[in-house]
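As the structure is a prediction and not an experimental result, all values here were calculated from the model. By convention in this document, chain letters (A, B, ...) are assigned in the order of the sequence lines, proteins followed by strands, and residues within each chain are numbered from 1.
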2 protein chains.
Amino acid sequence: MRDIDIAEAARLSGVRASTLRFYEEKGLIASHGRRGLRRLFDPAVLDRLALIALGRAAGFSLDEIARMFAPDGRPRIDRRMLAAKAEELERTIRKLNAMHDGLRHAAACPAPSHMECPTFRRLLRAAASGAIGERKTRRPPRKSFAATGREQGRARGS
Amino acid sequence: MRDIDIAEAARLSGVRASTLRFYEEKGLIASHGRRGLRRLFDPAVLDRLALIALGRAAGFSLDEIARMFAPDGRPRIDRRMLAAKAEELERTIRKLNAMHDGLRHAAACPAPSHMECPTFRRLLRAAASGAIGERKTRRPPRKSFAATGREQGRARGS
DNA sequence: CCTTGACCTCAAGTTGACTTGAACTGGCAG
DNA sequence: CTGCCAGTTCAAGTCAACTTGAGGTCAAGG
């Protein structure tokens, strides 16, 4: 199996063809030639895509990830960068934990209104002061959510 | 202190005036009148803004937050929703922890190239398979975000 | 040979949460 | 009375990471 076409790369990696084209345009991956119009990729592109997925999951932007590859295309990953990201992740985790505990408490709290629950108000103050901080949740990509059927919006506990 | 103007609301809440206008347009807050052109807010808007900040920090979208207020403007927060969000948060935290541990290891790993580090490759597979999952980090807005001073969360796991 | 269908390119659209710019207004200090 | 300056409106821009649409091409199958 020397060189796979874009459809196969998409199938094997789980990344959409449009995304592969987009990544190529961004310089994150490179196609190796064409068969007709079709891009051909070296199978090694799959490793590369895994690396990109990893980077994304770790919270790196595509631009940051692009910088992790030497001009020759080999990964050039700075250990200090990893350590820094790990630390950043740790801070995030701490905040999310605080948030989580607070939410759990608020959900279980017997006070008639949340505004009367001391824990809730403490959370409120923390959020207002920015101590809990920023976060943005990403909507799930349309693709592999066939499982839940017709439900377009999230099915949260009613 | 009866009614504060937008500048004061911005100052007291740490939320920009443009954001306050945006929130008003979205129906998240309401101004109570005008002095000249200037919006006047009830000081209670500050609680409301804290609530909004809290919701955002917990990962709710503005639209979701908007739905947390009854038509009369009083918060109507569904406890099951909070519990669901807490659970979601917990899953996220678990993933981030895995990521964090992997990054730490990779950062410290003595293998000459990351591709030769078993831990790193395990991470890679996890990311490629989607087991680690999606996340999007937000760039901090220009403003300060000073005091992350008093921490109230223990970092569990790690 | 001709249709078909997957791929191609390039531009534009999407989403969420805001920010920015241009043109305007009006209370208040001087 | 007159500027100033901080407010106002509305439209459009920004950012990231893609996706979608329109119109085109080409290898292969019938």
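A close approach under 4.0 Å does occur between a side-chain nitrogen or oxygen of A:Arg56 and OP1 or OP2 of D:dA17. Residue B:Arg16 places at least one side-chain N or O under 4.0 Å from the OP1 or OP2 atom of C:dT20. B:Tyr23 has no side-chain polar atom (N or O) that falls below the 4.0 Å cut-off from OP1 or OP2 of C:dA17. OP1 or OP2 of C:dG16 has not a single side-chain nitrogen or oxygen of B:Ser61 nearer than 4.0 Å. For B:Thr19 and C:dT19, the shortest distance from a side-chain N or O to OP1 or OP2 is below 4.0 Å. For the pair B:Ser18 and C:dT19, the criterion of a side-chain N or O lying under 4.0 Å from OP1 or OP2 is met.
Put simply, the side chain of B:Arg48 does not reach to within 4.5 Å of the side chain of B:Leu28, judged on heavy atoms. Residues B:Leu124 and B:Met115 have side chains in contact (heavy-atom distance under 4.5 Å, counting atoms from C-beta outward). Between B:Leu51 and B:Met68, the closest side-chain pair of non-hydrogen atoms is not below 4.5 Å. Contact check for A:Asp101 versus A:His105: no side-chain heavy atoms found under the 4.5 Å cut-off.
Distance B:Ile65 CD1 to C:dG16 P: 13 Å, rounded to the nearest Å. Following rounding to the nearest Å, A:Lys26 (NZ) and D:dT19 (P) show an atom-to-atom distance of 14 Å. Between the CG atom of B:Leu49 and the P atom of C:dC18 there is a distance of 11 Å, given to the nearest Å. D:dA6 atom P lies 15 Å from atom CZ of B:Arg35, rounded to whole Å. As rounded to whole Å, 15 Å separates atom P of C:dA6 from atom CD of A:Glu8. Between the CZ atom of A:Arg38 and the C1' atom of C:dG5 there is a distance of 8 Å, given to the nearest Å. Taking atom CG of residue B:Leu20 and atom P of nucleotide D:dA6, one finds them 17 Å apart after rounding to whole Å. Rounded to a whole Å, the CD atom of B:Glu24 is 12 Å from the P atom of D:dC10.
Which of D:dA17, C:dC8, D:dT9 sits closest to the side chain of B:Arg34 comes down to D:dT9. With C:dT20, D:dG7, D:dT25 as the candidates, the nucleotide lying closest to the side chain of A:Leu37 is D:dT25. Closest contact between the side chain of B:Phe22 and the listed nucleotides C:dC7, D:dA17, C:dC18 involves C:dC18. When distances run from any side-chain atom of A:Arg21 to the nucleotides D:dT19, C:dT9, C:dT20, the shortest one goes to C:dT9. Comparing atom distances between the B:Arg39 side chain and each of D:dT8, D:dA17, D:dG24 picks out D:dT8 as nearest.
A salt bridge is absent between B:Arg21 and B:Glu25; no separation between the charged side-chain nitrogens and carboxylate oxygens falls under 4.0 Å.
Taking the nucleotide of DNA chain D with the nearest heavy atom to each of A:Asp63 and B:Ile6, the more 5' of the two is matched to B:Ile6.
Using a 4.0 Å heavy-atom criterion, one finds that A:Ala7 contacts the sugar-phosphate atoms exclusively.
In this structure, B:Arg104 places its CZ atom where only 12 or fewer heavy-atom neighbours from other residues, nucleotides or ligands lie under 6.0 Å away.
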